[in-house]
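Working notes for the structure below.
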Amino acid sequence: MHEPDKRPHSPTWLAELLTIIKTVKHGSITLIIQDGHVIQIDKNEKIRLKKS
């Protein structure tokens, strides 16, 4: 079984994720992980239209 890399590293993706969370009003966020590391963040945002 492969163990995740435990060396310290700067998770720059975390700052990006927090920014996305604060700006998305309706939608979803998907993290793509490879070998225990986040390699991609997908943002799917919905625009809600008000009924007239």
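Every value quoted in this text rests on a predicted model; they were computed, and no experiment measured them.
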Task: Interatomic distance, Leu17 atom CG to Lys22 atom NZ [nearest 0.5 angstrom] - done: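 The CG atom of Leu17 sits 10.5 Å away from the NZ atom of Lys22.
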
Open item on the list: Once rounded to the nearest 0.5 Å, what's the spacing between atom CH2 of Trp13 and atom CG of Leu31?
Closed with: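 Result: 6.0 Å between the selected atoms.
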
- [ ] Answer yes or no: is there a side-chain heavy-atom contact under 4.5 Å between Ile21 and Ile29?
- [x]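 Yes, their side chains come closer than 4.5 Å.
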
Open item on the list: Membership question, hydrophobic clusters at under 4.5 Å side-chain separation (ILVMFWY): are Leu14 and Val24 in the same one?
Closed with: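 Yes, because Val24 and Leu14 connect within a single hydrophobic cluster, where side-chain heavy atoms sit under 4.5 Å apart.
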
Task: Intermediate values then yes/no, side chain to side chain contact (heavy atoms under 4.5 Å, CB included), Val38 and Ile32 - done: CA-CA 6 Å; Val38 175; Ile32 308 301; over 6 Å; no

Could you give the side-chain donor-acceptor pairs of residues 43-50 under 3.5 Å, partners two or more places apart or in another chain?
none

